[in-house]
Amino acid sequence: MALTVYDLWKSYQEKLDTEVTLSGWVRTSRTSKSFGFIELNDGTHFKNIQVVFEENLNNFDELTKISLGSSINVNGKLIKSPGEKQPFEISASSIEITGICEPDFPLQKKRHNNEYLRTIAYLRPRTNLFRAVFKVRSLVAFAIHKFFTEKNFVYVHTPIITGSDCEGAGEMFQVTTLDLDKLPRTEDGKIDYSKDFFGKQTNLTVSGQLAVENFCMAFRNVYTFGPTFRAERSNTQRHASEFWMIEPEMAFSDLNDNMDVAEEMVKYLIRYVLENAPEEMEFFNQWVDKGLLERLNFLLNSDFGRVTYTEAMEALIKSGKQFDYKPEWGIDLQTEHERYLTEEVYKRPVFLTNYPKDIKAFYMRMNDDGKTVAAMDLLVPGVGEIIGGSQREERLDMLEKRISEMGLRKEDYWWYLDLRRFGTNKHCGFGLGFERMVMYMTGVENIRDVIPFPRTPKNAEF
RNA sequence: GGGAGCUUAGCUCAGUCGGUAGAGCAACUGGCUGUUAACCAGUUUGUCGGGGGUUCGAGUCCCUCAUCUCCCGCCA
């Protein structure tokens with residue numbers, strides 16, 4: 001493969017005073033009457049390489065006017081740089097302009113705000129911020145597979161299109177090939193889904209959990225990691241219509257095992273990115289969130305808080321703080337409560353456990369008190385809820401009771417319920433919002449800025 | 001789904017009491033023998049988000065629609 005900017009930063013000392021060839025884009029240029037500098041980047045590394053050219057080049061005049069964003073091929077000698085800002089540079093013997101960047105290129109040599117860059121999402125990966133974000137996103141994805149593979153978990157590809165309309169995690173996008181102008185009807189006037197592509201109504205998945213639980217009963221420890229879709233009109237910084245989720249599921253395990261794995265995973269991902277993207281992390285720390293590195297390093301060396309819902313509620317009530325929603329046992333925690341707990345009381349990630357049964361999903365295991373279920377949420381400062389999980393109800397009679405209490409139909413869950421008949425055992429799992437993890441690690445505050453082409457209500461332009 | 005705010009040059013923004021459009025950056029032109037978001041000088045750039053209303057006169061006040069942003073709910 002051809003030499004890259006990454007290669008040179010790794011091993012420039014060995015290549016000093018040799019001829020090199022590089023391709024890349026002009027990030028910025030500075031010119032004088034008889035010489036000029038081009039900062040070259042080819043996307044393989046966060047840092048640029050400075051190219052020096054002089055008036056002996058036959059296309060010197062053209063080069064002095066080269067526009068930001070143009071692509072070039074450079075031949076030259078790798079030399080020690082007399083300047084202090086870089087250890088080496090390329091003294092060009094020839095520069096070929098392979099693709100001029102036209103003057104209406106929207107990216108300028110200055111900071112743009114993120115809202116503007118969203119309107120040109122097809123160009124924003126060329127900026128420092130978004131190159132750093134998407135590099136980190138890629139590394140986190142890899143680190144997830146590395147973590148679970150090292151722990152002997154099996155990666156399961158749960159379906160994107162689901163025939164189960166009872167995943168229970170939110171509004172769904174329907175998948176159909178029916179002609180919407182001429183919908184087939186049954187005799188009683190309802191839409192006849194037997195004529196649809198799959199012979200039944202189908203949707204995009206909102207969670208792989210029910211499917212992954214099946215595989216957990218075969219492989220013990222499994223995980224799924226893929227896209228999920230929610231058709232909710234959520235207009236917030238931390239919700240997207242299409243996002244990725246990591247969902248491990250572990251047999252013969254309880255809620256404490258669940259929290260142990262979650263905490264170990266979060267720390268593993270952070271450590272991996274700190275070690276493998278130091279330039280990008282330094283950039284975030286300088287330009288996005290000044291306290292980022294300090295906070296992440298602190299987190300690596302501390303234990304996450306673990307408190308029950310009941311204890312947390314007592315802390316909220318005792319705080320005497322004025323909330324818009326008065327804290328009271330039995331209510332769901334509001335965002336203001338969660339923020340107060342994780343940002344002001346504990347000042348670090350906190351697991352909240354054992355929520356009242358009425359505010360949680362049917363599949364969560366009933367505790368012995370008959371009032372709470374073995375659920376756990378991980379709250380982190382700045383982002384809020386990043387993980388939601390639980391120990392699953394493994395007792396068939398209890399599960400059926402919960403299904404009917406919540407007004408659901410047990411026929412819809414027949415194969416899920418069968419797991420409780422064929423070798424049931426206590427098991428648990430959780431869902432980690434991938435983008436929320438990336439937000440937490442980069443300090444970027446809007447989920448739309450950690451997804452290459454974000455989908456949110458009324459927005460699917462790119 | 002509920003609420004609040006924003007919208008002025010390519011970008012970031014200012015625009016006072018309602019009196020007829022501004023700055024910085026970018027772009028363009030020229031200068032400069034080691035720059036580092038290079039520097040210096042000059043030039044160009046407007047459907048003031050759309051529509052309607054009040055007024056002698058609206059970027060400014062009122063109504064309405066739209067976009068975007070933020071907050072809440074839902075959740076990851």
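The figures here come from the full heavy-atom set of this structure, side chains too, leaving out hydrogens, waters and symmetry mates. Chain A is the first sequence line, chain B the second, and so forth, proteins listed ahead of strands; every chain is numbered from 1.
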**Asked** Ring stacking, A:Phe243 with base of B:A76, under 5.5 Å and under 30°?
**Response**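 Stacked: centres under 5.5 Å apart, planes under 30°.
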
Using the [atom1] atom on both, measure [N] against [M] and round to a whole Å.
N: B:A9; M: B:G59; atom1: C1'; answer: 14 Å
N: B:A23; M: B:U45; atom1: P; answer: 12 Å
N: B:G30; M: B:A21; atom1: P; answer: 32 Å
N: B:U47; M: B:U12; atom1: P; answer: 16 Å
N: B:C61; M: B:G1; atom1: C1'; answer: 32 Å
N: B:A14; M: B:G24; atom1: P; answer: 16 Å
N: B:G10; M: B:G73; atom1: C1'; answer: 39 Å
N: B:U43; M: B:U8; atom1: P; answer: 26 Å

I need the [atom1]-[atom2] distance between [X] and [N], as an integer number of Å.
X: A:Arg111; N: B:U12; atom1: CZ; atom2: P; value: 13 Å
X: A:Asn41; N: B:A37; atom1: CG; atom2: P; value: 16 Å
X: A:Arg124; N: B:C11; atom1: CZ; atom2: P; value: 17 Å
X: A:Ile447; N: B:C75; atom1: CD1; atom2: P; value: 15 Å
X: A:Phe225; N: B:A76; atom1: CZ; atom2: C1'; value: 13 Å
X: A:Leu379; N: B:C75; atom1: CG; atom2: P; value: 14 Å
X: A:Met376; N: B:A76; atom1: CE; atom2: P; value: 11 Å
X: A:Met364; N: B:C75; atom1: CE; atom2: C1'; value: 11 Å

**Message:** Could you report the tightest heavy-atom contact between A:Pro349 and A:Tyr440, atom names first, then the distance?
**Reply:**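 So the two residues come closest at CG-OH, 4.1 Å.
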
**Message:** Could you report the tightest heavy-atom contact between A:Asn258 and A:Met250, atom names first, then the distance?
**Reply:**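 That closest heavy-atom pairing would be OD1-CE, 3.4 Å.
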
Check residues 452-462 of chain A and write down every donor-acceptor pair under 3.5 Å in which the side-chain atom is one partner and the other belongs to a residue at least two apart or another chain.
residue, atom, partner, partner atom, Å
A:Arg455, NH1, A:Phe453, O, 3.3
A:Arg455, NH1, A:Phe462, O, 2.8
A:Arg455, NH2, A:Phe462, O, 2.9

**Message:** Base, sugar-phosphate or nothing for A:Ile246? Non-hydrogen atoms, less than 4.0 Å.
**Reply:**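 Result for A:Ile246 = nothing.
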
**Message:** Angle between ring planes, A:Phe219 versus A:Phe215, binned at 30° and 60°: parallel, tilted or perpendicular?
**Reply:**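 Parallel: the ring planes of A:Phe219 and A:Phe215 meet at under 30°.
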
Hey, what are the protein-to-nucleotides 40-43 of chain B N/O distances that come in under 3.5 Å?
none

**Fill in**
Expected string for nucleotides 22-35 of chain B under the B/S/- scheme (protein heavy atoms, under 4.0 Å, primed atoms plus P, OP1, OP2 as sugar-phosphate) is --BSS-----BSBB

**Prompt:** Which letter, B, S or -, goes with each nucleotide of nucleotides 65-72 of chain B from 5' to 3', with contact meaning a protein heavy atom under 4.0 Å?
**Reply:** ---SSSBB

**Request:** Could you tell me whether A:Glu343 atom CD has more than 12 heavy atoms of other residues or ligands within 6.0 Å of it?
**Result:**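 Buried by this count: over 12 neighbours within 6.0 Å.
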
**Asked** For atom CZ of A:Phe323, is the number of surrounding heavy atoms from other residues, nucleotides or ligands below 6.0 Å larger than 12?
**Response**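 Yes.
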
**Request:** With sequence neighbours excluded, tell me which residues meet salt bridge (Lys or Arg N to Asp or Glu O under 4.0 Å) with A:Glu263.
**Result:**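 Once residues adjacent in sequence are excluded, the partners of A:Glu263 under the salt bridge (Lys or Arg N to Asp or Glu O under 4.0 Å) criterion are A:Lys267, A:Arg306.
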
**Prompt:** What is the base-pairing partner of B:C68, counting Watson-Crick and G-U wobble geometry with both distances under 3.5 Å?
**Reply:**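 Here B:C68 is engaged in a pair, and the nucleotide opposite it is B:G5.
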
**Item:** Watson-Crick or G-U wobble mate for B:G42, both contacts under 3.5 Å
**Value:**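 Partner of B:G42: B:C28.
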
**Message:** Regarding B:C75, can its base be found pairing with the side chain of A:His239 as donor and acceptor, where the two atoms are less than 3.5 Å apart?
**Reply:**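 Side chain to base: pair found, below 3.5 Å.
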
**Prompt:** Ignoring hydrogens and geometry, is there a side-chain-to-backbone donor-acceptor pair from A:His112 to A:Gln108 under 3.5 Å?
**Reply:**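 Yes: the side chain of A:His112 pairs with the backbone of A:Gln108.
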
State whether a side-chain donor-acceptor pair under 3.5 Å links [X] with [Y].
X: A:Asn367; Y: A:Thr372; result: yes
X: A:Asn75; Y: A:Ser93; result: no
X: A:Ser207; Y: A:Glu247; result: yes

**Request:** Could you note down all residue pairs passing side chain to side chain donor-acceptor pair (under 3.5 Å) where residues 125-138 of chain A supplies at least one of them, sequence neighbours left out?
**Result:**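 Output for this query lists A:Arg27-A:Asn128, A:Asn41-A:Arg131, A:Arg137-A:Glu435.
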
**Prompt:** Taking the nucleotide of RNA chain B with the closest heavy atom to each, which residue, A:Asn113 or A:Asp377, is nearer the 5' end?
**Reply:**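 That would be A:Asn113.
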
**Request:** Check each of A:Phe142, A:Tyr223, A:Tyr268 against A:Phe147 using the ring-ring contact (aromatic ring centres under 6.0 Å, His included) test, and report the only one that passes.
**Result:**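 That would be A:Tyr268; it is the only one of A:Phe142, A:Tyr223, A:Tyr268 passing the ring-ring contact (aromatic ring centres under 6.0 Å, His included) with A:Phe147.
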
